[in-house]
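Positions are given from 1, in the same order as the sequence printed here.
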Amino acid sequence: MRKLLVAIFLLNSFIVEAQIKASGILQNVNNAKAKIINGVSSVSALDGHNPIELTFTTHTCIGINREGDKWYVLPLNADSGKVSANTNLWVLPQDPFSKDHAYLIKLSGRDSVSAVAEKGRLKVKVYSPKFELHTAEARPHSDCFNNRYTLNIQSGDTLANALAGFYWGTMLQSVIEKTKAKNYPYSSGYVISTLNPRAYAGSYPDVDHEFQIKGRLAFASDLDVDMVKRMIELQFKLMQDDPEGLFRAPCSVQPSGEREYHIRRNSQNGKENADMFLLTGNMEVLEESFHYFEATKDLSWLTKNIENLENAASLTIANTDKYGRVWSDVYYEDQVMKDGRETMSGALAAYTFQLLAQMESILNRADKSNYYAEFSKKIARQLVQPLPQGFWDEKEQRFVDWIDRNGVTHDHIHLLANILPVTFGFATEAQAQAVAKLVDSHLAEFQRFPSFISADVGAYNKSEIGDGGPYDLCAAGRYWWWDASYWRKRNDNDMLFKQLKTVALEAVKDSFYMGERYDMNHIYYLDNKDWHGADKYYEYPCVYTSVLIDNFLGIQHSLNADLFIKPNLNGYGTIEFTNPLYNIRYTITAKEFKLKNLSNKQRSFAVDLSSVFKGRQLKLVTKSKEGATSSDGIVVLSANEEANWILNN
């Protein structure tokens, strides 16, 4: 029996003495010997007085640093440059479709590794007596700590490859706070919009941060969550530095430290003028902070920053009239002259004040919570009233886009103006039905590429379009995110799948880089080019990540549990994420749903299976006495415990 146990142990811990051979992008290794343990190379220095040296035929690498209690990413993707890391160094093939492996140098203790790009080669020196050398796909299906994910579902490889391509190619590369931006006046939390420095070099709290943060919180690695915290705190700092003392979140902060708090643009005919993003960042930071708290449950952070959130809210309050109408000017669309009050911003204001009220309640600040909850209701009630006081067009049975300061209504069948009041639950049942009919009747136009801003983009005139051109009258990731949320509310899993696959396949054309706006050679810019604006842009990669994980796979952070699981898959299969904040596996079959807690600690899960088992009743079965459901539908699973939901026949 003892011999059998020894044999089993040796089989499970298979060790082979080996030399590291040049392979793929790994060109040369000096001063090293290796043992292969369970498929992983444990590399040791032959001469402990000198570093181990590796040469790669690439200049793309990503370092991971630990400084104090914070994680930082150090991207390098240029013919020259240097990074030094103390935790991990990833070296990737230049071509995301390469059959060659990516390599992970995983350090331990207080060791370090440096990488220098020279003449298309990467020279790596490891200052450690021993490290682990792992291999992965050209774009690893993992986070930067090698926590893997698997999408064993219909078109799972297509969706997972896009997720990996976006993460390693754009999301990590756009964080420059410790590289290019390390000496900027505002460096902490500095994230760029495009990898093309000739387009936009600044960091943009208005609009950009919202979707950068949605994507990073969805991916949910420890590094990404730390990055989100610094991005939010950058916004707080910029609001505190507002020279007018109004706590405005600026449109941008530039490398010089210049901050753009007030930007007005003219219409094409010079007759109109509008303020760009007057309230956008101030509203967004409320939602960003709420979701950050959901993920981390960091009560001390929330307590420390609740005054910053109230200050952010104060600017929106100051621009809301006595009826509850928000005068926000432009919200997302920086080339549409919305000089007045718009439906979309009113809906988002009411929604984000709801979230602020919840955060105040968490801190037991009942008076403040009640105040913001009532303010939210006031805006929401006015939003759904008929014209001219509200935004609902009784004749056309839809919400209008905006009403200018002369009382003129502007409406070209705007997507978000109609779906946001429904998504947030502000619209009446009759209005929600009318909006569903409207969206369905214009589906071909709205879904030209997820998701078009309006059904009649050709109707915008030269007083409504900015002098920079009509490049916002098209599909951008910001519209798609909310559109996907609407389809999730409708439990239309097929639509979510179609949108995700459409974006994933488009991404393949440009090696998983995405453009800024996809107007698809339609109405404007008739030049046989599918997209316009900046290249290698952040928006679709971040939004795709969030729509895939949050909306389609249905893995979300939760206030009342460790995770909220509501799959919106359009078929059967198994999903697994092993990063610490998720660490779950679930399987859907025709007759049951299985959820396993892969963590080594007890955790709680709120589970909603209504979208994948439409109208059918299921019974929960757990394997231990600790597993239980409470009245609010939360199941508690012990370490490595699995729960089964079985169809009641």
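In terms of modelled atom types and a separation under 3.5 Å, the side chain of Arg478 and the main chain of Val543 share no donor-acceptor contact. A donor-acceptor pair under 3.5 Å is formed between the side chain of Lys297 and the backbone N or O of Glu294. Remark: the backbone N or O of Gly477 is paired with a side-chain donor or acceptor of Glu539 at under 3.5 angstrom. At least one donor-acceptor pair under 3.5 Å links the side chain of Ser203 to the backbone N or O of Val191. Between the Asn31 side chain and the Asp47 main chain, a donor and an acceptor come within less than 3.5 Å of each other. Judged by distance alone, the side chain of Thr58 and the main-chain N or O of Thr60 form a donor-acceptor pair under 3.5 Å. Using a distance-only test at 3.5 Å, with no hydrogens or angles considered, a donor-acceptor pair links the side chain of Ser599 to the main chain of Lys601. Side chain of Arg139 to main chain of Ala162: no donor-acceptor pair is present (N/O by atom type, distance under 3.5 Å, no hydrogens or angles). Checked by atom type and distance alone, the side chain of Asp562 pairs as donor or acceptor with a backbone atom of Ser604 at under 3.5 Å.
With Phe512 as the partner, the ring-ring contact (aromatic ring centres under 6.0 Å, His included) test is satisfied by one option alone out of Tyr544, Trp168, Phe97: Phe97. Screening Thr587, Ile588, Leu620, Asn644 for a side-chain contact (heavy atoms from CB on, under 4.5 Å) with Phe593, the sole residue that qualifies is Ile588. The only member of Ile555, Ile584, Thr150 that meets side-chain contact (heavy atoms from CB on, under 4.5 Å) when paired with Ile575 is Ile555. For the side-chain contact (heavy atoms from CB on, under 4.5 Å) test with Ser300, the passing option among Leu302, Asp298, Thr303 is Asp298; the others fail.
The shortest heavy-atom contact between Gly573 and Ile153 is CA-CG2, 4.0 Å. For Ala117 against Ala78, the heavy-atom pair with the smallest separation is CB-O, 3.5 Å. Here the shortest heavy-atom pairing between Gly63 and Ala85 reads CA-CB, 3.9 Å. Contact record, Pro567 with Leu609: CD-CD2, 4.2 Å, taken as the closest heavy-atom pair. Across Asn50 and Ala45, no two heavy atoms sit closer than the pair O-CB, 4.4 Å. The two residues Ser174 and Arg216 have their closest heavy-atom pair at OG-NH2, 3.2 Å.
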As a quick check of understanding, evaluate salt bridge (Lys or Arg N to Asp or Glu O under 4.0 Å) for Arg121 and Glu118, giving each step before the final call.
CA-CA 5 Å; Arg121 295 290 185 268; Glu118 294 178 349; over 6 Å; no
With side-chain contact (heavy atoms from CB on, under 4.5 Å) as the test, would you mind laying out the steps for Phe605 and Ser558 before giving the verdict?
CA-CA 9 Å; Phe605 302 89; Ser558 171; over 6 Å; no
Could you walk me through whether Tyr167 and Asp224 pass the side chain to side chain donor-acceptor pair (under 3.5 Å) test, one step at a time?
CA-CA 11 Å; Tyr167 185 68; Asp224 288 292; 2.7 Å; yes
Pair Phe145, Trp71 - check ring pair (Phe, Tyr, Trp, His ring centres under 6.0 Å), show working.
CA-CA 11 Å; Phe145 301 103; Trp71 290 108; 4.7 Å; yes
side-chain contact (heavy atoms from CB on, under 4.5 Å) between Val113 and Val124: does it pass, once the steps are laid out?
CA-CA 7 Å; Val113 56; Val124 175; 3.5 Å; yes
Take Met231 and Glu288 through the side-chain contact (heavy atoms from CB on, under 4.5 Å) test and state the conclusion after the steps.
CA-CA 10 Å; Met231 289 175 71; Glu288 294 158 7; over 6 Å; no
With side-chain contact (heavy atoms from CB on, under 4.5 Å) as the test, would you mind laying out the steps for Asn146 and Arg148 before giving the verdict?
CA-CA 6 Å; Asn146 208 27; Arg148 303 279 298 174; 4.2 Å; yes
Go through the steps for Asn86 and Ser112 under the test side chain to side chain donor-acceptor pair (under 3.5 Å), then give the verdict.
CA-CA 4 Å; Asn86 61 15; Ser112 66; over 6 Å; no
For side chain to side chain donor-acceptor pair (under 3.5 Å), just list the numbers for Gln240 and Asn308, CA-CA rounded to whole Å, side-chain angles, deciding distance to a tenth of an Å, and then say yes or no.
CA-CA 8 Å; Gln240 291 163 4; Asn308 285 321; 3.0 Å; yes
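Contact check for Lys178 versus Asn65: no side-chain heavy atoms found under the 4.5 Å cut-off. Looking at Tyr540 and Val547, their side chains never come closer than 4.5 Å, going by heavy atoms from C-beta outward. Using a 4.5 Å cut-off on side-chain heavy atoms (C-beta onward), Leu309 and Phe290 make no contact. You'll find the side chain of Ser289 stays beyond 4.5 Å of the side chain of Asn305, heavy atoms only. Leu553 is listed as a side-chain neighbour of Leu151, based on a closest heavy-atom distance under 4.5 Å. With contacts defined as side-chain heavy-atom distances shorter than 4.5 Å, the pair Asp226/Tyr72 does not qualify. A 4.5 Å side-chain heavy-atom check between Leu172 and Pro75 finds every atom pair outside the cut-off. Contact annotation: the side chain of Val73 approaches that of Ile62 to within less than 4.5 Å [non-hydrogen atoms, C-beta and beyond].
Counted by atom type alone, Thr578 and Glu576 present zero donor-acceptor pairs between their side chains at under 3.5 Å. Inspection of the Tyr513 and Asn196 side chains reveals no N or O donor paired with an N or O acceptor under 3.5 Å. Defined by atom type and a distance below 3.5 Å, a donor-acceptor pair is present between the side-chain atoms of His141 and Asn161.
Residues satisfying the side chain to side chain contact (heavy atoms under 4.5 Å, CB included) criterion with Pro580, sequence neighbours excluded, are Asn147, Asp222. Every residue two or more places apart in sequence or in another chain that forms a side chain to side chain contact (heavy atoms under 4.5 Å, CB included) with Glu287 is listed here: Glu210, Lys214, His291, Tyr351, Thr352, Leu355, Trp482. Here Lys125 pairs with nothing under the salt bridge (Lys or Arg N to Asp or Glu O under 4.0 Å) rule; sequence neighbours left out. Under the ring-ring contact (aromatic ring centres under 6.0 Å, His included) criterion, Tyr186 pairs with no residue, sequence neighbours left out. Thr135 is linked by a side chain to side chain contact (heavy atoms under 4.5 Å, CB included) to His101, Tyr103, counting only residues two or more places apart in sequence or in another chain. In this structure, the side chain to side chain contact (heavy atoms under 4.5 Å, CB included) partners of Ser108, at least two apart in sequence or on a different chain, are Asp111.
The CD atom of Gln235 sits 7.5 Å away from atom CD of Glu284, with the distance rounded to the nearest 0.5 Å. In this structure, Tyr537 OH and Cys542 SG are separated by 10.5 Å, a value rounded to the nearest 0.5 Å.
The aromatic ring centroids of Tyr292 and Trp301 lie less than 6.0 Å from each other.
Between Lys123 and Glu53, none of the side-chain N atoms (NZ, or NE/NH1/NH2) sits under 4.0 Å from a carboxylate O, so this pair counts as no salt bridge. Classification of Glu233 and Arg230 as a salt-bridged pair fails, no side-chain N sitting under 4.0 Å from a carboxylate O.
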